Amino acid sequence: MFESVPLEVERVATDVIGAAIEVHRCLGPGFLERIYEDALCLELALRSVPFARQVPLTVDYKGVPIPGQRLDLIVSGVVVLELKAAVKVHESCEPRLISYLRTARLRLGLILNFNARTMKEGIKRIVV
C-alpha cells in the first residue's frame, strides 16, 4: 500500500493548479506549449511559488549516468509538471512522467494540457 502524499506537497499541487487555471482563463486554448510554459512561470512567480524550468534529469543505468532528459518544470522541489498544448495528450505522457518521478525520487506529478476546453479537463495527476 502506498503512503499518502505529504500535505505540503499537496499544497504545492493546489498552488500549481490555481496558477494553471488562471493562465488558461487568461489565454484560453490554442497557443504553443512554450507560450503556456512562459505564462505559467510568470504566474507562479507572481504568486511567489518557487520553480525551476527545463531541469536536466540524468538517468542511471547500471551505475552509468545517461544525460539527456529534461523536466518541463519542478515546483518547490517537490512537484513535477509535464506541460502540453495538444488536442489529445498522447498515451506515452503518463508512463514518461512516472519515469521522471521515479528518477527524480519525487512522488507527485501533473500533466497539464492547456489545449483542453477547461483547465480542469486538462489536468492529470500522477502519484508514485
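Throughout, residue positions are numbered sequentially from 1 according to the sequence presented. Since we're looking at a predicted model, the values are computed, not measured. Keep in mind that the numbers below use all heavy atoms, side chains included, and drop hydrogens, waters and symmetry copies.
For the side chain to side chain contact (heavy atoms under 4.5 Å, CB included) test, residues two or more places apart in sequence or in another chain that qualify with R34 are D38, R53. By the side chain to side chain donor-acceptor pair (under 3.5 Å) test, R96 pairs with S92, sequence neighbours left out. Applying the ring pair (Phe, Tyr, Trp, His ring centres under 6.0 Å) rule to Y100 yields no partners; only residues at least two apart in sequence or on another chain are considered. In this structure R70 satisfies the salt bridge (Lys or Arg N to Asp or Glu O under 4.0 Å) test with no other residue, sequence neighbours excluded. Every side chain to side chain donor-acceptor pair (under 3.5 Å) that R25 has, sequence neighbours left out, goes to E22. Partners of E94 under the side chain to side chain donor-acceptor pair (under 3.5 Å) rule, at least two apart in sequence or in another chain, do not exist in this structure.
Between L112 and K124, every side-chain heavy-atom pair lies at or beyond the 4.5 Å cut-off. Side-chain contact between E33 and D72 is present, with at least one heavy-atom pair separated by less than 4.5 Å.
Residues V127 and I123 share a single hydrophobic cluster, defined by chaining ILVMFWY side chains whose heavy atoms lie under 4.5 Å apart. Both L32 and V23 are assigned to one and the same hydrophobic cluster, defined by single-linkage of ILVMFWY side chains at heavy-atom distances under 4.5 Å. The cluster map of Ile, Leu, Val, Met, Phe, Trp and Tyr, joined by side-chain heavy atoms under 4.5 Å apart, puts L42 and V16 in different clusters. Using a 4.5 Å cut-off between side-chain heavy atoms of Ile, Leu, Val, Met, Phe, Trp and Tyr, with links allowed through other members, L106 and V59 fall into different hydrophobic clusters.
The nearest pair of heavy atoms linking L73 to C41 is CD2-SG, 3.5 Å. The two residues L97 and G109 make their nearest non-hydrogen contact at CD2-C, 3.8 Å. Closest of all the heavy-atom pairs between G30 and N115 is N-OD1, 3.1 Å. Across L40 and A20, no two heavy atoms sit closer than the pair CD1-N, 3.8 Å.
Note on residues 7-17: pairs passing salt bridge (charged side-chain N to carboxylate O under 4.0 Å, His left out), not counting sequence neighbours, are E10-R125. A salt bridge (charged side-chain N to carboxylate O under 4.0 Å, His left out) check over residues 108-119, counting only residues at least two apart or in different chains, returns the pairs R117-E121. Listed by first and then second residue, the ring-ring contact (aromatic ring centres under 6.0 Å, His included) pairs involving residues 105-128 are Y36-F114 (not counting sequence neighbours). Listed by first then second residue, pairs satisfying ring-ring contact (aromatic ring centres under 6.0 Å, His included) with a partner in residues 51-91 number zero, not counting sequence neighbours.
The distance from the CD1 atom of I98 to the SG atom of C93 is 11.5 Å, given to the nearest 0.5 Å. Atom OG of S99 and atom CG of L57 lie 9.5 Å apart (nearest 0.5 Å).
With hydrogens and angles ignored, the 3.5 Å screen pairs no side-chain donor or acceptor of R107 with any backbone N or O of L101. Looking only at distances, no side-chain donor or acceptor of H24 sits under 3.5 Å from a matching main-chain atom of A19.
Dense packing is recorded around CZ of R47, with more than 12 heavy atoms of other residues, nucleotides or ligands lying under 6.0 Å away.
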Tell me which donor-acceptor pairs under 3.5 Å the side chains of residues 74-87 have, and how far apart each pair is, sequence neighbours excluded?
unit_1: E82; atom_1: OE2; unit_2: K84; atom_2: NZ; d: 3.1

Derivation and outcome, side-chain contact (heavy atoms from CB on, under 4.5 Å), residues T58 and I66: CA-CA 6 Å; T58 301; I66 303 172; 5.7 Å; no

